[in-house]
Protein chains: 2
Amino acid sequence: MKALIVDDDLALSDVVSFTMRRAGFDVITAHDGRSALERWEAEDPDIIILDLNLPKLDGLSVCKSIRDEGDTPIIILSVRGDEEDVVKGLELGADDYIVKPFSPRQLVARAEAVLRRAKSAPVTPGPMSAGDFMLDPARNDVRIGDDDNIQLTQLECRLLEVLMLNSGQVLTSASIIDSVWGSEGADRVMLKQLVYRLRRKIESEPSEPVHLITISGVGYSFEV
Amino acid sequence: MKALIVDDDLALSDVVSFTMRRAGFDVITAHDGRSALERWEAEDPDIIILDLNLPKLDGLSVCKSIRDEGDTPIIILSVRGDEEDVVKGLELGADDYIVKPFSPRQLVARAEAVLRRAKSAPVTPGPMSAGDFMLDPARNDVRIGDDDNIQLTQLECRLLEVLMLNSGQVLTSASIIDSVWGSEGADRVMLKQLVYRLRRKIESEPSEPVHLITISGVGYSFEV
DNA sequence: TGAACCTGTTACCATCTTGTGACCCATCTG
DNA sequence: CAGATGGGTCACAAGATGGTAACAGGTTCA
């Protein structure tokens, strides 16, 4: 998750950045309105923490511009006494606001709440099956036939999910990496390692895999 | 959904009523503190929009009375400069507040957010059961099978409530925190601690839980 | 006032996860 | 044949994660 922090008060900006980083966000910062828009376009963050009082281009204009061209969730930072601007901001489509001074915890809680609301689509990743495999992405586990459930790590689970979704098809390493690691990216070595670890859990003879098949020079394929 | 609007400013009251009606609420109104309590008892609304500045019986007293006898969600309307009273109101158990002037959109959004929160952890004090567990949210206690009742703290009770309501499903830490702590927020450490304390009360072998299950990297799940 | 309790905080520890480097083998190629 | 390439296997370490415990401030209640 990537957060864009926009605040011209450097001290506060640092506090906010630190808080968000500790909560697991990648943080980008901007200190005036114009650069905020630039960073937004360049980095495509998942959420924006936006101070209203900005040099060069005020927060409300930033808010409006972003809403005109996209739907990145926005949380407004306002000082007490600024209620009018907050209302304008919310009317412009901001998702929530926090009045300074605020507790770091509140900030994180609101950010996560807004994000959860925004991506309400992939809510219930219901169990899926392919052949003998029953995968439950919510629980990170898989059951093969009538055996006991096998606990997977998150990465293993996402890898198996991608493969099972495209059962029988050959997926290139690049596309698998894209699906599993997302925008962060990863190299082939990491995928190789992950495949190895997953095989040890789901293949009865890991050195002679029958489900997670290597297509040399291309990628991998899941066979039932 | 039934909303009780309490405001002595008739013009504003009309605006609020109209907004809420348009959003699909049935609206009841009251214009002073005393009649507010009467309407509340008579109509049992799902949510209350409460102005603090009221004749006959001020908003904070109304808030307190309602909280003493029930748990209908309350959103406080306050004017600028009233922050002290807002804080008092929140301490008395109000669920959220809005500073005038506010946008209709904001009002509806907040009302729905509060209701969503209330629904996900319904404080409606009806006893509920899941498997061997009989939880009484009104009493903050739980009975497992034929054992003696176990007294819980408020937080423990709300946690168990949320989990039992979604028995068998995996809940993420963030959503649990949202349901248990509400807008105040909390971090994962606090949840971890709460889970630990609850387990010591409801699990016969707290170090090997069979009901309150950890889904590593995701959250927790209640299993019967 | 004082005791009991609730809850947030900090600390410590064990375990798990995951990225990284190393090494091996098979295959391909000049 | 020598070297390059792709892939499997293993071990290690930093960091994340979660369970446990002790403590402190605050509240409640007698």
Side-chain angles (χ1 to χ4, degrees), chain A residues 1 21-26 103-106 108-109 139-141 150-160 170-174 176-177 180-182 184-203 205-221, chain B residues 67-68 91-93 139-141 150-160 170-174 176-177 180-182 184-203 205-221:
Chain A
M1 279 298 163
R21 275 211 190 86
R22 204 181 40 182
F25 288 84
D26 289 339
S103 74
R105 191 176 292 158
Q106 262 193 347
V108 174
R139 292 195 145 70
N140 284 353
D141 65 12
I150 301 170
Q151 192 62 44
L152 304 176
T153 72
Q154 294 194 79
L155 286 181
E156 288 161 359
C157 184
R158 289 173 72 179
L159 171 60
L160 187 52
V170 178
L171 299 177
T172 66
S173 296
I176 296 176
I177 288 171
V180 173
W181 277 271
E184 294 135 53
D187 53 26
R188 286 194 170 64
V189 181
M190 287 159 65
L191 176 57
K192 179 176 77 169
Q193 197 42 232
L194 185 60
V195 166
Y196 171 61
R197 281 166 174 154
L198 181 54
R199 274 189 183 140
R200 289 211 295 192
K201 292 193 179 181
I202 64 170
E203 299 279 3
E205 198 60 56
S207 53
E208 291 167 15
V210 294
H211 298 111
L212 211 175
I213 307 298
T214 301
I215 313 295
S216 194
V218 185
Y220 297 90
S221 160
Chain B
R67 264 299 160 281
D68 283 347
E91 278 169 356
L92 282 175
R139 291 193 150 72
N140 282 357
D141 66 12
I150 301 171
Q151 191 61 43
L152 304 176
T153 71
Q154 280 200 47
L155 286 180
E156 288 161 0
C157 184
R158 289 173 72 178
L159 171 60
L160 186 53
V170 178
L171 300 178
T172 65
S173 296
I176 295 176
I177 287 170
V180 173
W181 276 271
E184 295 135 57
D187 54 28
R188 289 190 169 62
V189 181
M190 287 159 66
L191 176 58
K192 179 175 78 168
Q193 199 41 236
L194 185 60
V195 166
Y196 172 60
R197 283 166 173 154
L198 180 55
R199 273 190 184 139
R200 288 209 296 192
K201 293 192 179 181
I202 64 169
E203 298 278 3
E205 198 61 56
S207 54
E208 290 168 16
V210 295
H211 297 110
L212 210 175
I213 306 297
T214 300
I215 313 294
S216 194
V218 183
Y220 296 91
S221 162

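Atoms considered below: every heavy atom in the structure, side chains included; atoms not considered: hydrogens, waters and symmetry mates. Numbered from 1 within each chain, the chains take letters A, B, ... in sequence-line order.
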Report task. Go through B/Leu155 and B/Gln193 one step at a time and tell me if the side-chain contact (heavy atoms from CB on, under 4.5 Å) criterion holds. Result -> CA-CA 11 Å; B/Leu155 286 180; B/Gln193 199 41 236; over 6 Å; no
Query raised in the report: Looking at side-chain heavy atoms only, is the closest gap between A/Leu198 and A/Leu194 below 4.5 Å?
Result: no
Query raised in the report: Once you round it to whole Å, what is the distance between P of D/dT5 and CZ of A/Arg188?
Result: 13 Å
Requested in this report: Starting at CG of B/Leu159, measure out to CH2 of B/Trp181 and round the result to the nearest 0.5 Å.
Outcome: 7.0 Å
Report summary line: Closest non-hydrogen contact found for B/Cys157 with B/Leu152 is CA-CD1, 4.0 Å
Query raised in the report: Under the salt bridge (charged side-chain N to carboxylate O under 4.0 Å, His left out) test, which residues partner B/Arg200, sequence neighbours left out?
Result: none
Query raised in the report: Where the side chain of B/Gln151 meets the backbone of B/Arg139, is there a donor-acceptor pair that is under 3.5 Å apart?
Result: yes
Query raised in the report: On DNA chain C, which is the earliest and which the latest nucleotide, 5' to 3', with an atom closer than 4.0 Å to a heavy atom of chain A?
Result: C/dT9 to C/dG21
Query raised in the report: Which residues, if any, of residues 205-218 of chain B bring a heavy atom under 4.0 Å of DNA chain C?
Result: none
Query raised in the report: Using a cut-off of less than 4.0 Å, is there contact between a side-chain N or O of B/Arg199 and OP1 or OP2 of D/dG19?
Result: yes
Report summary line: Rounded to the nearest 0.5 Å, the CG atom of A/Asp141 sits from the CD atom of A/Glu156 at a distance of 12.0 Å
Report task. Using modelled atom types only, decide if a donor and an acceptor are shared between the side chain of B/Glu203 and the backbone of B/His211 within a distance under 3.5 Å. Result -> yes
Query raised in the report: Counting N and O atoms only, with roles assigned by atom type, does the side chain of B/Arg199 sit under 3.5 Å from a partner on the main chain of B/Leu212, one being a donor and the other an acceptor?
Result: yes
Report task. To the nearest 0.5 Å, tell me how far A/Tyr220 OH sits from A/Ile215 CD1. Result -> 10.0 Å
Report summary line: dist B/Ile177:CD1 -> B/Leu191:CG (nearest 0.5 Å) comes out at 5.0 Å
Report task. Let me have a per-nucleotide readout for nucleotides 25-30 of chain D, 5' to 3', with B, S or -, counting only protein heavy atoms under 4.0 Å. Result -> ------
Requested in this report: Within residues 189-197 of chain A, find the residues that approach DNA chain D with a heavy atom at under 4.0 Å, and present them sorted by residue number.
Outcome: A/Lys192, A/Gln193, A/Tyr196, A/Arg197
Report task. Mind listing the residues from residues 151-159 of chain A sitting with a heavy atom below 4.0 Å of DNA chain C? Number order is fine. Result -> A/Thr153, A/Leu155
Query raised in the report: Which atom names give the shortest non-hydrogen contact between A/Gln154 and A/Asn140, and what distance separates them?
Result: CG-ND2, 3.3 Å
